[in-house]
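In what follows, residues are counted from 1 in the order of the sequence shown.
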Amino acid sequence: MSRIGKKPVTVPNGVTANIDNGVLSVKGPKGTLTLSLSDQVTYSVEDGSIAVQPVGQSKQARSHWGMQRTLVSNLVEGVTNGFTKILDIKGVGYRANSQGKTLKLQLGYSHDVDIAVPEGIEIKTPDNTTVEISGIDKQKVGQIAAEIRRWRKPEPYKGKGIAYRGEYIFRKEGKKK
């Protein structure tokens with residue numbers, strides 16, 4: 001039994017959910033998101049909640065159950081509050097600057113790194129060493145954050161690089177005398 005899958009996803013006021021032709025669409029104040037439905041799971045939109053149940057007791061159906069419930073929950077959360085990831089940049093001369101639909105990164109390379117901002121994602125740079133990525137789709141927000149971080153992962157000696165806010169970087173000690 002899936003502990004997560006058993007709980008129905010509550011739909012807050014101002015959010016509507018519809019199932020049509022194998023697609024769940026959730027519309028809220030921040031926008032609309034859709035999810036292709038799995039054949040292993042049945043979905044039902046009832047008074048103020050979305051319930052997810054496995055089709056049978058097969059291992060595959062039970063494994064899809066919790067995951068599909070989490071995806072539905074992410075849709076509802078995204079259209080109501082949205083998702084945000086914050087990246088911190090550490091290092092001498094490392095900085096970021098958001099210019100319209102482009103993020104410019106100076107990361108110690110011989111050239112600046114330009115990253116195009118995808119549709120539906122908003123990137124802000126409150127200061128030179130902080131990048132705030134926000135949007136309604138959790139997967140897109142996490143993907144663009146991972147692509148930005150990939151350019152300079154934090155190194156274990158001084159911690160220089162791009163790290164998620166709150167991420168612990170395991171530091172090595174260095175030589176002993």
Side-chain angles (χ1 to χ4, degrees), residues 1-89 96 98 100-103 115-127 129-150 153-154 162-169:
M1 294 295 286
S2 173
R3 293 181 187 188
I4 293 173
K6 284 190 230 177
K7 300 175 188 172
V9 178
T10 58
V11 178
N13 293 335
V15 176
T16 59
N18 297 323
I19 297 175
D20 189 35
N21 295 333
V23 175
L24 171 68
S25 63
V26 180
K27 186 175 183 179
K30 292 208 176 245
T32 303
L33 289 173
T34 59
L35 172 69
S36 298
L37 303 180
S38 172
D39 297 337
Q40 303 289 329
V41 179
T42 59
Y43 306 82
S44 60
V45 178
E46 298 156 358
D47 51 324
S49 67
I50 303 170
V52 179
Q53 293 295 325
V55 171
Q57 289 301 317
S58 69
K59 184 175 175 92
Q60 190 174 15
R62 287 182 289 125
S63 65
H64 279 228
W65 184 18
M67 180 65 180
Q68 291 298 313
R69 190 264 181 206
T70 303
L71 292 175
V72 170
S73 174
N74 287 341
L75 293 181
V76 173
E77 178 74 20
V79 298
T80 55
N81 301 326
F83 295 99
T84 301
K85 288 236 182 226
I86 299 175
L87 300 173
D88 291 324
I89 301 173
S98 179
K101 285 290 187 183
T102 305
L103 177 68
I115 298 175
V117 179
E119 196 65 36
I121 299 293
E122 182 180 347
I123 294 183
K124 296 179 195 170
T125 51
D127 57 44
T129 60
T130 305
V131 178
E132 292 181 5
I133 305 161
S134 58
I136 62 173
D137 190 352
K138 187 174 187 176
Q139 193 277 330
K140 282 184 181 179
V141 170
Q143 182 67 37
I144 194 69
E147 289 174 7
I148 293 170
R149 184 179 184 271
R150 179 180 59 93
K153 290 182 183 173
I162 302 173
Y164 297 111
R165 169 93 30 106
E167 177 184 10
Y168 177 76
I169 299 164

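- Atom CG in L33 sits 4.0 Å away from atom CD1 in I136 (nearest 0.5 Å).
- Checking Q60 against S58 by side-chain atom types alone, no donor-acceptor pair falls below 3.5 Å.
- If you take NE2 on H64 and NZ on K59, they are separated by 12.0 Å, rounding to the nearest 0.5 Å.
- A distance of 11.5 Å separates OG1 in T80 from CG in N13, rounded to the nearest 0.5 Å.
- Closest non-hydrogen pair, K85 versus G142, comes out as CE-CA, 4.1 Å.
- Between I50 and V11, some side-chain heavy-atom pair lies under the 4.5 Å cut-off.
- Smallest separation of non-hydrogen atoms from N81 and K30: O-CE, 3.2 Å.
- Rounding to the nearest 0.5 angstrom, the gap separating the CZ atom in R150 from the CD atom in E147 is 6.5 Å.
- With a 4.5 Å cut-off on side-chain heavy atoms, S25 and T16 do not count as touching.
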- [ ] Evaluate the side chain to side chain contact (heavy atoms under 4.5 Å, CB included) criterion for residues M67 and V41: first the C-alpha distance (whole Å), next the side-chain angles of each, then the deciding distance (0.1 Å), finally the verdict.
- [x] CA-CA 10 Å; M67 180 65 180; V41 179; over 6 Å; no

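- Between the side chain of Y43 and the backbone N or O of S38 there is at least one donor-acceptor pair closer than 3.5 Å.
- Side-chain atoms of V141 and I121, non-hydrogen and from C-beta on, do get closer than 4.5 Å to each other.
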Task: Derivation and outcome, side chain to side chain contact (heavy atoms under 4.5 Å, CB included), residues V131 and I123 - done: CA-CA 7 Å; V131 178; I123 294 183; 3.7 Å; yes

Task: side chain to side chain contact (heavy atoms under 4.5 Å, CB included) evaluation trace for I148 with I133 - done: CA-CA 10 Å; I148 293 170; I133 305 161; 3.8 Å; yes

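- Side-chain N or O atoms of S73 include none that pairs as donor or acceptor with a backbone N or O of V9 at under 3.5 Å.
- When all heavy atoms are compared, the tightest approach of A163 to R149 is CA-NE, 4.4 Å.
- More than 12 heavy-atom neighbours from other residues, nucleotides or ligands sit within 6.0 angstrom of CD on E46.
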- [ ] For N74 and Q139, run side chain to side chain contact (heavy atoms under 4.5 Å, CB included): C-alpha distance rounded to whole Å, both residues' side-chain angles, the deciding distance at 0.1 Å, then the answer.
- [x] CA-CA 9 Å; N74 287 341; Q139 193 277 330; over 6 Å; no

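- Of the possible donor and acceptor atoms, one in the side chain of T125 sits under 3.5 Å from a partner among the backbone N and O of S98.
- Around NZ of K153, the count of heavy atoms belonging to other residues, nucleotides or ligands within 6.0 Å does not exceed 12.
- Here the closest heavy-atom approach between residue P154 and residue I169 is recorded as CB-CD1, 3.4 Å.
- Considering only heavy atoms from C-beta on, Y164 comes within 4.5 Å of L87 through its side chain.
- A donor-acceptor distance shorter than 3.5 angstrom exists from the side chain of R69 to the backbone of K7, with no hydrogens or angles considered.
- Side-chain atoms of I144 and V117, non-hydrogen and from C-beta on, never get closer than 4.5 Å to each other.
- Listed here is the closest heavy atom pair of T34 and V23: CB-CG1, 3.9 Å.
- Of all non-hydrogen atoms in P12 and V76, the two that sit nearest each other are CD-CG1, 3.6 Å.
- A side-chain donor-acceptor contact under 3.5 Å links W65 to the backbone of V52.
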